[in-house]
Amino acid sequence: QVQFVESGGGLVQPGGSLRLACAVSGFNFELYTMGWYRQAPGKQRELVASISRSGITNYEDSVNGRFDISRDNDKKMVWLQMNRLKPEDTAVYYCRAPTRDDWGQGIQVTVSS
């Protein structure tokens, strides 16, 4: 059974930081590129960061330089360090392997004063 268990979300003030974590099970994690997606109210889900199985990273323009994605293949974990958060980063965040159909429950991140 494939599972993505996201944690670390919550409410933070603008300019603050959060670190999201995702524990993965049920498939050969080390063989897949992993990504963090988000969906804001009234908007489509978008890919904000990805990391290949060898550690090559890519970022959506609005988060480049503020967010950092990382992974540990032995622990089957992926993280998203989010710095200098803005109200427009408010969304439900999901981790998944982009080439698979599976999705986790997601976790809420709210940036507000």
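Predicted model only: the values in this text are computed from it and were never measured.
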Considering all heavy atoms of both residues, which atom of [X] and which atom of [Y] are nearest to each other, and what is their separation?
| X | Y | value |
| --- | --- | --- |
| Gly35 | Pro98 | N-CD, 3.9 Å |
| Ser70 | Val78 | O-CG2, 3.1 Å |
| Ala91 | Gln108 | O-NE2, 3.5 Å |
| Asp101 | Trp103 | O-CD1, 3.3 Å |
| Val109 | Gly9 | CG2-CA, 4.2 Å |

(request) Please check if the distance between the ring centroids of Phe27 and Phe4 is under 6.0 Å. (result)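 Between Phe27 and Phe4, the centre distance is under 6.0 Å.
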(message) Quick check: Phe67 with Trp36 (ring centres under 6.0 Å apart)?
(response)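 No, they do not, as the ring centres are separated by 6.0 Å or more.
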Enter the distance from [X]:[atom1] to [Y]:[atom2] here, rounded to the nearest 0.5 Å.
| X | Y | atom1 | atom2 | value |
| --- | --- | --- | --- | --- |
| Leu80 | Tyr59 | CG | OH | 7.5 Å |
| Asp68 | Met82 | CG | CE | 12.0 Å |
| Glu60 | Asn58 | CD | CG | 11.5 Å |
| Arg19 | Ser7 | CZ | OG | 9.5 Å |
| Cys22 | Ile69 | SG | CD1 | 9.5 Å |
| Gln105 | Gln3 | CD | CD | 9.5 Å |

(request) Take atom CZ of Arg66 as the centre, draw a 6.0 Å sphere, and report whether it contains more than 12 heavy atoms from other residues, nucleotides or ligands. (result)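 Yes, enclosed.
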(request) Tell me, yes or no, whether the heavy-atom count around Glu88 atom CD, taken from other residues, nucleotides or ligands under 6.0 Å, exceeds 12. (result)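 Enclosed: over 12 neighbouring heavy atoms sit under 6.0 Å from CD of Glu88.
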When you measure from the side chain of [X] to the backbone N and O of [Y], does any donor-acceptor pair fall under 3.5 Å?
| X | Y | value |
| --- | --- | --- |
| Glu6 | Gly106 | yes |
| Thr90 | Val111 | yes |
| Asp72 | Lys75 | yes |
| Gln39 | Lys43 | yes |

If Ile, Leu, Val, Met, Phe, Trp and Tyr residues are connected whenever their side-chain heavy atoms lie under 4.5 Å apart, and connections chain through other members, are [X] and [Y] in the same group?
| X | Y | answer |
| --- | --- | --- |
| Val2 | Met34 | yes |
| Tyr93 | Val24 | yes |
| Trp79 | Val12 | no |
| Val63 | Leu47 | no |

Any non-hydrogen side-chain atom of [X] less than 4.5 Å from a side-chain atom of [Y]?
| X | Y | answer |
| --- | --- | --- |
| Arg38 | Asp89 | yes |
| Pro14 | Leu85 | no |
| Ile107 | Leu20 | yes |
| Phe29 | Arg71 | yes |
| Glu46 | Tyr37 | no |
| Tyr32 | Arg53 | no |

(message) Under the rule for salt bridge (Lys or Arg N to Asp or Glu O under 4.0 Å), what residues qualify as partners of Arg84, not counting sequence neighbours?
(response)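 Arg84 satisfies salt bridge (Lys or Arg N to Asp or Glu O under 4.0 Å) with no other residue.
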(message) We want to know whether Ser54 and Ser52 form a side-chain donor-acceptor pair, criterion being a heavy-atom distance below 3.5 angstrom.
(response)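 There is such a pair between these side chains.
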